[in-house]
Protein chains: 2
Amino acid sequence: MAGAAHQAPPLFFLDAATGATGCNVLITSLDERAASHLSVSSSTSSRRSSTSASRGESNRRPTINDIARLAGVSKKTVSRVLNNSPFVREETRLRVNTLMQELGYTPDPQARGLAFRRSFLIGMVFDNPNAQMVVTMQEGVLAGLKGSGFELVVHACDRNDTDFLREVAAFVERQKLFGVIVLPPISENNALVDLLKERGCHYVRMASAVIDEPGNLVASTDSLATAEAAKHLADLGHTRIGFIAGPPGFRSREERRTGFLAGLKDRGIELPAKNIVDGAYTYESGIAAAEKLLKLSPRPTAIFASNDEMAAGVYHAARQLGLSIPRDLSVVGFDDTPVSRRLWPPLTTVRWPIHDMGRAAAQHLLRAATDQPPDDDSAVFPAFLVERESTASAPK
Amino acid sequence: MAGAAHQAPPLFFLDAATGATGCNVLITSLDERAASHLSVSSSTSSRRSSTSASRGESNRRPTINDIARLAGVSKKTVSRVLNNSPFVREETRLRVNTLMQELGYTPDPQARGLAFRRSFLIGMVFDNPNAQMVVTMQEGVLAGLKGSGFELVVHACDRNDTDFLREVAAFVERQKLFGVIVLPPISENNALVDLLKERGCHYVRMASAVIDEPGNLVASTDSLATAEAAKHLADLGHTRIGFIAGPPGFRSREERRTGFLAGLKDRGIELPAKNIVDGAYTYESGIAAAEKLLKLSPRPTAIFASNDEMAAGVYHAARQLGLSIPRDLSVVGFDDTPVSRRLWPPLTTVRWPIHDMGRAAAQHLLRAATDQPPDDDSAVFPAFLVERESTASAPK
DNA sequence: AATTCTTCTGACACCGGTGTCATTTGCCTG
DNA sequence: CAGGCAAATGACACCGGTGTCAGAAGAATT
């Protein structure tokens, strides 16, 4: 019973910063010792007892004991204040809080973690398919985590490695991560997610479709956006359209493809199989795929590439064939990475709101940290078409 | 005395991964409790003593006590083995090591950190001037850290914030970071570095010039590379050259500028002041700077931009004026980011070896972790010109 | 065999917090 | 004013490791 929901948000006033001036120490021990380990060691020379040195201003970080002593309470009570326990008299709480502020006390996450049997670290695991995506999302996560007391540990992995699962499990377990943010495509790996669940580790999957409960998911509406893109092209009069798909094994591939085809169907267009070509989300694969499509006769008048990198490849292929974008060929991408605005003409593309998604993922985990129920509304983010100058009416 | 240099490389065999199957627990406590905190708690029911349950296969991570008990030694001895203490009999060491392998034991970094008064975390702090740079360098760092037992904590900050220093100090101190990798431009902030030194925190500065001792530095030879670029342009017959500098406050701005001017001087070319324009390392600033330069008369026949983003801006400005690259205008950039190959024509640029630099930074810190002397050779990485298709002979 | 070194090892306190549970305090009731 | 209950607090063990230092085990010397 006792439905106490008082687990503290570890949101401490982040203004500690005591200035520990270095003091050199002579190392004289007999047995093992981290000899010469830290060039400057802060062994605050308060050797043993020293009953009177109570208020000695030794410049080291204050500990919970310091606060307790100065506040005239036990350290357990200080701990209660830290954790927002309701069982503390207002007066006491105030006294302790004031003292903590004055001394710039911040609890030691390691010690707290040791006792809690978990850390205050959030992991972000990814198998880098797309550097730009990783940074942007990471920026979002960092923004969401800012000031929370949680820190972000990034962990790259290789989903094709035989030890993939064990390796990630070991990482999560060793660090006793509070939560993990899993980026696509490994976010679609159910074995991985099961493993996280088993370990009682909070997690958020980043995905291109709703593949989990809202609390464990941040998704974008890829298929709706590509449907929009398809209609955009159809409405410009394009009927011979090429589609470059993502690589197998990515949920985004499926979402973007089915959405696009659905959008075309809505406008009464059915795409022949030969107009759909696989890519690998890389520039080079975009070139190859576009070359294949542009060899078709009749030649497509528009190409949708499932990401911007491949769209850049389409530009390249078109240029080689002397085709002008958008006069001879309309091109649409997906992601809205910076490249899309460096290309000429600027690429019409789908804005993939990964920064916001990253921030939302962080916030989901923070809500879990404070025992708040998941915020279902911030689980799904719309992706949408950004019209620039790479699309125009179909040539006659 | 006792020049023991036996502080262990915390390079454990990374194959732990015990399969903790979840077991639901009824929460019935009276006082505070992390109620409903973890949906699945692993409270291995081994309550109190239970003298006989010694080899009970309770599926939780083995601790140092488990190893000690099973090996018939004290936990201190296990600790010695972990830390490569020379004061352990070979036979004992072998027995303990075998046991650790069998059980997949990995020491708890939090507990170890608590006792050591530092963590096994490496921080990477940056004030994001360039997303691509951050992610590439980060990849390098992760590659260098792989399998070391250290994890990377990324921390974005704002160098213009009044609390900048205190905020970073608090981060370093709270997490008791073993080391910090500081990215430009804040790597050039001496106050920040002093602060790290004071706290006995290992650090590596990433920079565009040699601004610290080899052990605390990973640098690229920006000025040599831009000198090379300058000579390249001069040798193509260009004499009217525009230079777009980085923003004030970046050491890279200075290095790239002085190197470039030195290179030109070497070929007997002196640049008038009006041919040198400030940029901000952004696309937009590149456009603006190029517009300024291309208004000069006589018009420059070549422009060097201090990074690729600004070079992309030059492409844009040139296109607006109907200038063809490289026929009417040669362009050189710096960074060799992916964009440089998406542009048309592919950009001649300086390859900035930030991936390798990131890896080296990680390795520097790992050497410090194992008390090895710094490897001076891997402190400086050459940047060098990559000729592509944006440069050609000066028009007659 | 007793002594004297080394080489190894373990008991115990401690790092800085939290969980458990008994105890104290404050307030209300009878 | 005693009794009873809830609110508030503290003593103590514990999380999983390491530092200190005393002491045991072996090897070399007398």
Side-chain angles (χ1 to χ4, degrees), chain A residues 7-8 10 27-35 37 41 43-44 46-49 60-68 71-83 85-93 96 105-120 174 176, chain B residues 7-8 10 27-35 37 41 43-44 46-49 60-68 71-83 85-93 96 105-120 174 176:
Chain A
Q7 184 58 23
I27 293 170
T28 57
S29 89
L30 300 164
D31 198 351
E32 45 270 304
R33 182 105 161 74
H37 205 78
S41 167
S43 91
T44 50
S46 71
R47 286 252 162 277
R48 209 50 50 84
S49 56
R60 58 166 221 282
R61 292 183 64 188
T63 71
I64 197 171
N65 292 301
D66 299 329
I67 304 292
V73 297
S74 74
K75 63 183 195 171
K76 181 63 206 182
T77 295
V78 177
S79 168
R80 287 193 178 89
V81 173
L82 276 178
N83 293 285
S85 163
F87 307 112
V88 181
R89 214 191 324 160
E90 261 326 300
E91 186 201 315
T92 311
R93 181 192 308 282
V96 171
Y105 169 75
T106 294
D108 182 328
Q110 282 182 331
R112 238 154 84 89
L114 185 58
F116 270 140
R117 285 178 195 70
R118 61 174 183 71
S119 72
F120 295 90
R174 263 207 321 280
K176 300 206 287 281
Chain B
Q7 184 57 26
I27 293 171
T28 56
S29 89
L30 299 164
D31 197 349
E32 46 269 304
R33 180 104 162 72
H37 205 76
S41 167
S43 92
T44 50
S46 73
R47 286 250 162 277
R48 210 52 52 80
S49 57
R60 58 166 219 281
R61 292 183 64 190
T63 71
I64 197 171
N65 292 303
D66 299 329
I67 304 292
V73 297
S74 75
K75 62 183 196 171
K76 180 61 205 183
T77 294
V78 178
S79 168
R80 285 194 179 88
V81 173
L82 277 178
N83 292 285
S85 164
F87 307 110
V88 182
R89 213 190 325 160
E90 261 325 301
E91 186 200 315
T92 311
R93 181 192 307 283
V96 171
Y105 168 75
T106 294
D108 183 328
Q110 281 182 334
R112 236 154 88 87
L114 185 58
F116 270 141
R117 286 178 195 71
R118 62 175 180 69
S119 72
F120 295 90
R174 263 207 320 279
K176 300 207 286 282

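Quick note on labels: first sequence line is chain A, next is B, and so on, each numbered from 1. The figures here come from the full heavy-atom set of this structure, side chains too, leaving out hydrogens, waters and symmetry mates.
- Between A/Arg89 and A/Arg93 there is no side-chain heavy-atom pair separated by less than 4.5 Å.
- Note: CG (B/Leu114) to C1' (C/dC15) measures 4 Å, nearest angstrom.
- When rounded to the nearest whole Å, the span between CZ of A/Arg118 and C1' of C/dG19 equals 14 Å.
- Below the 3.5 angstrom threshold, one finds a donor paired with an acceptor across the side chain of B/Lys76 and the base of D/dG19.
- Map B/Lys176 and B/Glu90 each onto its nearest nucleotide of DNA chain C; the residue landing nearer the 5' end is B/Glu90.
- Within the 4.0 Å cut-off from OP1 or OP2 of C/dC8, not a single side-chain nitrogen or oxygen of B/Thr77 is found.
- Across all strands, A/Val73 comes closer than 4.0 Å only to sugar-phosphate atoms, never to a base (heavy-atom distances).
- Between B/Arg89 atom CZ and D/dA24 atom C1' there is a gap of 11 Å when expressed in whole angstrom units.
- In terms of phosphate contacts, B/Thr92 brings no side-chain nitrogen or oxygen within less than 4.0 Å of OP1 or OP2 of C/dC8.
- Between the CD1 atom of A/Ile64 and the P atom of C/dC14 there is a distance of 17 Å, given to the nearest Å.
- Separating the CG atom of A/Asp108 from the P atom of C/dT18 is a distance of 10 Å, rounded to the nearest angstrom.
- Under the 4.0 Å criterion applied to side-chain N and carboxylate O atoms, A/Arg60 and A/Asp66 are assigned as salt-bridge partners.
- With contacts defined as side-chain heavy-atom distances shorter than 4.5 Å, the pair A/Ile67/A/Val96 qualifies.
- For A/Leu82, the listed nucleotide lying nearest its side chain is C/dG17; candidates were C/dG17, D/dG16, C/dC8.
- Contact check, A/Thr63 against C/dG16: no side-chain N or O comes under 4.0 Å of OP1 or OP2.
- Judged by distance alone with a 3.5 Å cut-off, a donor-acceptor contact links the side chain of A/Arg80 to the base of D/dG10.
- In this structure the side chain of B/Asp108 reaches within 4.5 angstrom of the side chain of A/Lys176, judged on heavy atoms.
- For A/Ser79, no side-chain nitrogen or oxygen approaches OP1 or OP2 of C/dG17 to under 4.0 Å.
- Rounded to whole Å, atom C1' of C/dG17 lies 12 Å from atom CZ of A/Arg117.
- Within the cation-pi definition used here (under 6.0 Å to the ring centroid, within 45° of the axis), A/Arg112 does not qualify as a partner of A/Phe116.
- B/Lys75 has its NZ atom 8 Å from the P atom of D/dG17, to the nearest Å.
- As a whole-Å value, the separation of B/Asn83 CG from C/dT9 P is 15 Å.
- Both A/Val88 and B/Asn65 lie close to DNA chain D; mapped to their nearest nucleotides by heavy-atom distance, the more 5′-ward contact belongs to A/Val88.
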